[in-house]
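To start, the structure under review is shown below, and the notes come after it.
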Amino acid sequence: METNNKNISRTEDKYDLLKMVLAFLIVILHTSMTPEWGIPVVRMAVPLFFMLTAFFFFRKYDNEKDKNKRHDILLRFQKRNLYLYLFWLVVLLLPTLALRWRLWFSDGVLMGGVRFVQSFFFGSTFRASWFLMASIIATSIIASIPKKIKIEYIICASFVAYVFSCLGSSYYHIGENVSEVIDAFELWVGPPHRNFIVALLWISFGKYFVNHKLPLPNAALIPLIILALCCLYFEYYLVISHGWMKAHDSFLSLSLVCPLIFQYVQNCKPITWPWIRDYRSLSVITYCLHATIVRFFVNGLKILKCPFINETSFLLVLVCCYCAFCIIKKYETKYPILKYSY
């Protein structure tokens with residue numbers, strides 16, 4: 001392995017472009033626009049988002065030698081993401097309660113409060129919010145590991161946690177004992193494929209790529225990516241044909257293809273598209289907003305018996321997210337609290 005100590009600017013447009021592509025893929029997934037053969041591809045979006053989050057954080061954190069300053073960097077990261085979470089939780093509170101009221105409060109107010117707290121830390125309150133808290137918890141765990149422990153060991157340990165998340169997702173029905181263990185974990189903690197458990201591996205990979213890289217040019221990475229994609233599709237076919245899958249969030253082969261894709265992007269020459277910097281926050285706003293409003297669009301279009309429900313809801317969600325972005329950027333100077341939206 002070779003080290004990569006280049007001080008890569010966060011404003012590199014290629015990373016902003018990647019974020020926009022990933023946000024687009026996630027909207028496609030949640031509006032059911034994805035054909036069955038495309039599910040493995042769109043499932044790469046969340047791992048790559050985690051890796052980008054960790055890459056930017058640990059580039060600052062690991063290169064800071066002062067312990068107190070490292071603590072401040074971690075604290076700022078936690079506060080920034082917590083404020084982002086709370087902003088959208090307040091904005092989306094009413095639609096979230098409309099969607100989750102029966103799930104949380106079917107057994108009374110007290111139990112509903114317990115379920116809300118559980119969902120806040122180890123699941124989702126507003127839809128897709130699990131990513132934000134998973135980023136905070138997983139990044140804090142990885143950052144707290146002593147520097148003397150090699151990142152390769154951290155990745156191996158995190159992979160064990162990732163296997164558990166896959167058992168809760170693609171391999172849930174592989175055995176009765178597996179499903180019983182996963183059910184107990186979900187009852188007391190939360191779904192392992194939608195909380196910090198699944199994030200640990202991707203955060204570890206993001207940390208790895210700060211100061212390491214595979215000594216391979218992109219010409220050599222392309223056939224490796226194709227091979228890893230073949231493994232991913234074979235695994236997808238395997239879990240479907242055997243009826244093991246409960247959800248298609250996590251696949252073991254993603255641990256091969258996503259780091260290779262990240263390495264490919266990292267190897268690419270910097271691009272200069274000044275316009276994309278103005279839309280950097282659009283990917284964050286889209287991720288936080290889209291999954292909640294899509295449910296209402298789909299239900300409304302079903303009531304109206306609208307043809308092409310998925311396609312129409314997809315376009316409506318994109319328009320709404322873009323309008324929200326424009327409104328936020330227009331009024332954020334006058335109302336500084338809007339800056340917490342991204």
With a 6.0 Å cut-off on ring centres, are F314 and F24 close enough? yes
Would V298 end up clustered with F296 when hydrophobic side chains under 4.5 Å apart are linked, directly or stepwise? no
L252 and S255 have their tightest heavy-atom pair at O-OG, 2.5 Å
Straight-line distance of L132 CG to Y287 OH, nearest 0.5 Å: 6.5 Å
Across all chains, not counting sequence neighbours, the side-chain contact (heavy atoms from CB on, under 4.5 Å) partners of V114 are none
Under a single-linkage definition using a 4.5 Å side-chain heavy-atom cutoff for Ile, Leu, Val, Met, Phe, Trp and Tyr, are L92 and Y335 assigned to the same hydrophobic cluster? yes
With salt bridge (charged side-chain N to carboxylate O under 4.0 Å, His left out) as the rule and sequence neighbours excluded, what pairs involving residues 159-184 come up? none
Test side chain to side chain donor-acceptor pair (under 3.5 Å) applied to H193 - qualifying residues, sequence neighbours left out: none
Measure across K14 and C268 and return the closest heavy-atom pair with its distance rounded to 0.1 Å. NZ-O, 2.5 Å
Considering residues at least two apart in sequence or located in another chain, which fulfil the side chain to side chain donor-acceptor pair (under 3.5 Å) criterion with W104? S119
Any donor-acceptor N/O pair, Q118 side chain to V189 backbone, under 3.5 Å: yes
Any non-hydrogen side-chain atom of I328 less than 4.5 Å from a side-chain atom of S281? no
Rounded to the nearest 0.5 Å, what's the gap from NE2 on H290 to CG on L29? Could you check? 7.5 Å
Within this structure, what is the CZ-OG distance for the pair F50 and S135, rounded to the nearest 0.5 Å? 4.5 Å
Under the salt bridge (charged side-chain N to carboxylate O under 4.0 Å, His left out) definition, can you give me all pairs with a residue in residues 189-208, not counting sequence neighbours? D62-K207, R194-D249
Can a donor-acceptor pair be found, under 3.5 Å and without considering hydrogens, that links the side chain of Q263 to the backbone of L221? no
With the 4.5 Å side-chain cut-off for hydrophobic clustering, are V90 and W130 part of the same group? no
Any pair counted as side-chain hydrogen bond (donor to acceptor under 3.5 Å, both in side chains), so long as it reaches residues 218-247, sequence neighbours left out: Y171-E235, E186-K246, N218-N267, E235-S253
For F57 against A143, the heavy-atom pair lying closest together: CE2-CB, 4.2 Å
Spacing of CG belonging to L316 relative to CZ belonging to F297, to within rounding of 0.5 Å: 5.0 Å
Side-chain atoms of residues 67-76: list all donor-acceptor pairs with protein atoms under 3.5 Å, sequence neighbours left out, distances to 0.1 Å.
unit_1	atom_1	unit_2	atom_2	d
R70	NH1	E64	O	3.1
R70	NH1	K65	O	3.0

When the ring centroid of F77 is compared with that of Y61, is the distance short of 6.0 Å? no
Ring center gap for Y208 and F58 short of 6.0 angstrom: no
Check whether any side-chain heavy atom of L52 lies under 4.5 Å from a side-chain heavy atom of L22, and answer yes or no. yes
Test side-chain contact (heavy atoms from CB on, under 4.5 Å) on Y15 and V265; report intermediate values, then the result. CA-CA 8 Å; Y15 293 113; V265 174; 4.3 Å; yes
Residue pair I285 / A324: nearest heavy atoms and the distance that separates them: CG2-CB, 4.3 Å
Are F105 and F116 close enough that their ring centres sit under 6.0 Å apart? no
Apply side-chain contact (heavy atoms from CB on, under 4.5 Å) to V181 and N177, showing your working. CA-CA 6 Å; V181 171; N177 292 336; 5.5 Å; no
Taking the six-membered ring for Trp and the single ring otherwise, decide whether the centroids of F325 and Y342 are under 6.0 Å apart. no
Hits for side chain to side chain donor-acceptor pair (under 3.5 Å) against Y340, two or more places apart or cross-chain, chain-then-number order -> none
Contacts of Q78 meeting side chain to side chain donor-acceptor pair (under 3.5 Å) (sequence neighbours excluded), chain-then-number -> S140
Connected via hydrophobic side-chain network under 4.5 Å: F234 and L254: no
Residues which pass side-chain contact (heavy atoms from CB on, under 4.5 Å) with I149, listed by chain and number, not counting sequence neighbours: I145, P146, Y153, I154
Taking V163 as the starting point, is it possible to reach L238 by hopping between hydrophobic residues whose side chains are less than 4.5 Å apart? yes
Just by distance, do the side chain of T31 and the backbone of I28 share a donor-acceptor pair under 3.5 Å? yes
Should L167 and F185 count as side-chain neighbours, where that means a heavy-atom distance under 4.5 Å? no
Quick one: does R100's side chain get under 4.5 Å of S124's, heavy atoms only? yes
M245 and A247: which non-hydrogen atoms are nearest, and at how many Å? CG-O, 3.1 Å
Rounded at 0.5 Å granularity, tell me how far CG in L260 sits from CG in L214. 6.5 Å
side-chain contact (heavy atoms from CB on, under 4.5 Å) between K150 and C156, worked out: CA-CA 10 Å; K150 291 184 177 181; C156 289; over 6 Å; no
Heavy atoms of R295 and R127 approach each other most closely as CG-NH1, 3.0 Å
Can you confirm whether more than 12 heavy atoms, excluding those of L187, are under 6.0 Å from its CG atom? yes
Show which side-chain atoms of residues 196-205 pair as donor or acceptor with protein atoms under 3.5 Å away, not counting sequence neighbours.
unit_1	atom_1	unit_2	atom_2	d
S204	OG	S158	OG	2.9
S204	OG	L200	O	2.7

For residues 36-56, the side-chain hydrogen bond (donor to acceptor under 3.5 Å, both in side chains) pairs (sequence neighbours left out) are R43-H248
Would you say the side chain of W88 lies within less than 4.5 Å of the side chain of S129, judging by non-hydrogen atoms? no
Taking D13 for the side chain and W273 for the main chain, is one N or O donor matched with an acceptor at less than 3.5 Å? yes
Given the rule in the side-chain contact (heavy atoms from CB on, under 4.5 Å) test, do L216 and L224 qualify, once you have shown the distances and angles that lead to the verdict? CA-CA 10 Å; L216 296 172; L224 290 178; 3.6 Å; yes
Please answer whether the main-chain N or O of Y162 pairs with a side-chain N or O of S165 as donor and acceptor at a distance below 3.5 Å. yes
Check: Y85 and I136 side chains under 4.5 Å, non-hydrogen atoms: no
To the nearest 0.5 Å, atom SG of C326 lies from atom CG of L282 at 8.0 Å
